[in-house]
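One structure is given here, and the rest of the page talks about it.
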Amino acid sequence: MARKLFGTDGIRGTANTEPMTAETALRVAMAAALQFRRGNHRHLVVIGKDTRLSGYMLEPALTAGFISMGMDVTLVGPMPTPAVAMLTRSLRADMGVMISASHNPYYDNGIKLFGPDGYKLSDEVEAAIEARMVEGFSGDLASPRDLGRAQRLDDAIGRYIEQAKATFPRGLRLDGLKIVVDCAHGAAYKVAPKVLWELGAEVIPVAVSPDGFNINKECGATAPKAMRDAVVAHGAHLGIALDGDADRLILADETGTQIDGDQVMALIGGACADAGTLRGGGVVATVMSNLGLELHLKRRGLSLARTPVGDRYVVEHMREHGFNVGGEQSGHIVLSDHGTTGDGLVAALQVLAVIQQSGKPASEVLRVFQALPQVLKNVRFDPAGGATPLAAASVQDAIRAGEARLGGTGRVLIRKSGTEPLIRVMAEGDDQGLVTTVVDDIIGAIQDAAPRPASKVAE
């Protein structure tokens, strides 16, 4: 059975509109509970969330679904996605759930599921859960005596803080560093400033006052200007911008210059290689990562393995082939020595460790390689009827023409978003002007093939 509800990062949509309704959340929980029943023990699921208003609707719906199937529920409240993954393993739970739409605006929400090992589910398991939802639950409901129970874990924040701090080199401190941390009014608004402060830093917190509506609004990893401005205004040594569920980050050096995930992977991968702790012979990234990263790693005798877009595909490749450093240009950094999914705070701590140990400013440490000119634009389309303008012959002709113009010095990448009705058009090469022209020509062809909804183009 093909997946219809699940995208590249769980289920996501507009809150209180299918599939993000209380009814669907209830049924997802019931189906997931059936999928993860294993033996006669008391089953347990950990549920966390970010700070969106709709979390108050989805959390009890999911809780009711699991309880109706005989699963106990531990609620941890607003917590980063990697914290939920960590707690799922730590508490020996049968599965974990994160209620979040990551970097999306407040009016969206999502459901991410983790197995007992703390890893996101495979496509096959997600498809099996969807199949169970179609089949129904007749005869599977728990008896009145066997219903689950729900309780809150009061020390959840403290557990994650200690786990994050434990990833920082023993004996090293952040004393003397002034750090801006933008929490996007999201899941890390409590934990991230505390971790940095307890390790000795002077902390300038930004976007740490969630109200249910302001998550990711003009702040966080997808809008890092607020963080960059604060770095300059306060004379900070480094800026950290997390997204709504804190599984990714964007950095800024002391000049306010933005640093993306490719540079972070190059830095951490290189540091691990120098220390003899890098496994797999290189780094795992997605097809979106800059060619400059690949060339830099090659010069160091390291490889760059590419996967489809989505941090769980990165993780799957890392697990299958024995890598311990991977991630995405967008800032998902996966360090399997420290966790099972992207963790913006833990990745930032590894960068800070390199900065402290080097004694150099962030502007020197974080410019690891010269990125090739890369242009990415997004085009919205109307998904009604399942049609996509990518199928149009004129669009395919424009793509082939762009590839021919770039020749062997660059590449073109076209992909549909797994979470929104967007087509992402990316090109990179030696010539900035040519790259921009190639992208614009393909964008124009897509707009002609789907003129009405494709009229909005976002950089």
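Excluded from the calculations below are hydrogen atoms, water molecules and symmetry mates; all remaining heavy atoms, backbone and side chain alike, are included.
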Does a sphere of radius 6.0 Å around CD in E198 hold more than 12 heavy atoms from other residues, nucleotides or ligands, not counting ones at 6.0 Å or beyond? yes
Tell me if a side-chain donor or acceptor on D182 pairs with a main-chain N or O of A207 at a distance below 3.5 Å. no
Counting only heavy atoms not in R92, do more than 12 sit closer than 6.0 Å to its CZ atom? no
Between T255 and T257, do the side chains contain a donor N or O and an acceptor N or O under 3.5 Å apart? yes
If I take atom CE from residue M57 and atom CZ from residue R52, how far apart are they, to the nearest 0.5 angstrom? 12.0 Å
For the CD atom of Q263 and the CD atom of Q370, what is their distance to the nearest 0.5 Å? 8.5 Å
With a sphere of 6.0 Å drawn around NZ of K178, does it hold more than 12 non-hydrogen atoms of other residues, nucleotides or ligands? yes
Assess whether atom NZ of K190 is packed by more than 12 heavy atoms of other residues, nucleotides or ligands within 6.0 Å. no
Is there a donor-acceptor contact under 3.5 Å from the side chain of D229 to the main chain of V232? no
Checking side chain to side chain contact (heavy atoms under 4.5 Å, CB included) for the pair V264/I268: CA distance, chi angles, key distance, verdict? CA-CA 6 Å; V264 173; I268 296 176; 3.7 Å; yes
Is D108 reaching over with its side chain to a backbone N or O of P105, donor-acceptor style, under 3.5 angstrom? no
Taking side chain as C-beta onward, heavy atoms only, is V435 less than 4.5 Å from L372? no
Could you tell me whether the side chain of L75 reaches within less than 4.5 Å of the side chain of E59, counting heavy atoms only? yes
Regarding T167 and Q350, is there a side-chain donor-to-acceptor distance under 3.5 Å anywhere? yes
Measure from NZ or CZ of R312 to the centre of the six-membered ring of Y119 and say whether it is under 6.0 Å with the direction within 45° of the ring axis. no
Is D274 paired with R300 through a side-chain N to carboxylate O contact shorter than 4.0 Å? yes
Cation over ring face, K120 and Y313, 6.0 Å, 45°: no
Between the main-chain N or O of V125 and the side-chain N or O of S122, is there a donor-acceptor pair closer than 3.5 Å? yes
Is it true that a side-chain atom of T63 and a backbone atom of A150 form a donor plus acceptor pair closer than 3.5 Å? no
Once ring pair (Phe, Tyr, Trp, His ring centres under 6.0 Å) is applied, what residue pairs with a partner in residues 271-295 remain, sequence neighbours excluded? none
Pairing donors with acceptors under 3.5 angstrom, does anything connect the side chains of D94 and H41? yes
So N109 and S54, side-chain hydrogen bond (donor to acceptor under 3.5 Å, both in side chains) or not? Walk me through it. CA-CA 7 Å; N109 216 329; S54 55; 2.7 Å; yes
Ignoring hydrogens and angles, state whether a donor on the side chain of S363 or D253 is under 3.5 Å from an acceptor on the partner side chain. no
Please answer whether the main-chain N or O of G235 pairs with a side-chain N or O of E254 as donor and acceptor at a distance below 3.5 Å. no
Can you tell me how the ring of H321 sits relative to the ring of H317, calling it parallel under 30°, perpendicular over 60° and tilted otherwise? tilted
Looking only at non-hydrogen atoms, find the nearest pair between V191 and P80 and report the distance. CG2-CG, 3.8 Å
Side-chain donor-acceptor contact under 3.5 Å, R248 with S330: yes
Run the side chain to side chain contact (heavy atoms under 4.5 Å, CB included) test on F36 and L121 for me, step by step, so that the C-alpha distance in whole Å, both residues' side-chain angles and the decisive distance to 0.1 Å come before the verdict. CA-CA 11 Å; F36 283 93; L121 307 186; 3.5 Å; yes
Side-chain touch V195/F168, heavy atoms, less than 4.5 angstrom: no
Can you find a heavy atom in the side chain of W197 that is under 4.5 Å from one in the side chain of E202? no
Test item: D72 side-chain N/O and G148 main-chain N/O as donor-acceptor pair under 3.5 Å: no
For residues I423 and K416, determine if any side-chain heavy atom of one lies less than 4.5 Å from a side-chain heavy atom of the other. yes
Side-chain donor/acceptor of Q258 to backbone N/O of I250, under 3.5 Å: no
Validation row: Y106, N214 side chains within 4.5 angstrom (heavy atoms): no
Can you list the steps and then say if S289 with R306 is a side-chain hydrogen bond (donor to acceptor under 3.5 Å, both in side chains)? CA-CA 8 Å; S289 279; R306 292 187 184 268; 4.9 Å; no
Evaluate the side-chain hydrogen bond (donor to acceptor under 3.5 Å, both in side chains) criterion for residues D262 and N290: first the C-alpha distance (whole Å), next the side-chain angles of each, then the deciding distance (0.1 Å), finally the verdict. CA-CA 7 Å; D262 283 347; N290 195 278; 5.4 Å; no
Could you verify whether a donor N or O on one side chain and an acceptor N or O on the other, from Y160 and D343, lie under 3.5 Å apart? yes
What verdict does the side-chain hydrogen bond (donor to acceptor under 3.5 Å, both in side chains) test give for T81 and D245, after you've listed the backbone C-alpha separation in whole Å, the side-chain angles of each residue and the deciding distance to 0.1 Å? CA-CA 6 Å; T81 289; D245 66 337; 2.6 Å; yes
Exam field: side chain E328 to backbone T286, donor-acceptor pair closer than 3.5 Å: no
Drop me the distance from L422's CG to K377's NZ, to the nearest 0.5 angstrom. 14.5 Å
If you apply the rule side chain to side chain contact (heavy atoms under 4.5 Å, CB included), what do you find for M95 with Q35, and how did you get there? CA-CA 10 Å; M95 63 177 304; Q35 183 69 28; over 6 Å; no
Of L335, L278, V283, which meets side-chain contact (heavy atoms from CB on, under 4.5 Å) against N324? L278
Heavy atoms of A164 and L349 approach each other most closely as O-CD1, 3.3 Å
To the nearest 0.5 angstrom, please state how far the CD1 atom of I240 sits from the CG atom of L345. 7.0 Å
Taking all non-hydrogen atoms of both residues into account, name the closest pair between S209 and H185 and its distance. N-ND1, 3.1 Å
Take atom CZ of R42 as the centre, draw a 6.0 Å sphere, and report whether it contains more than 12 heavy atoms from other residues, nucleotides or ligands. yes
Between E162 and K165 (salt bridge meaning N to carboxylate O under 4.0 Å), is one present in this structure? yes
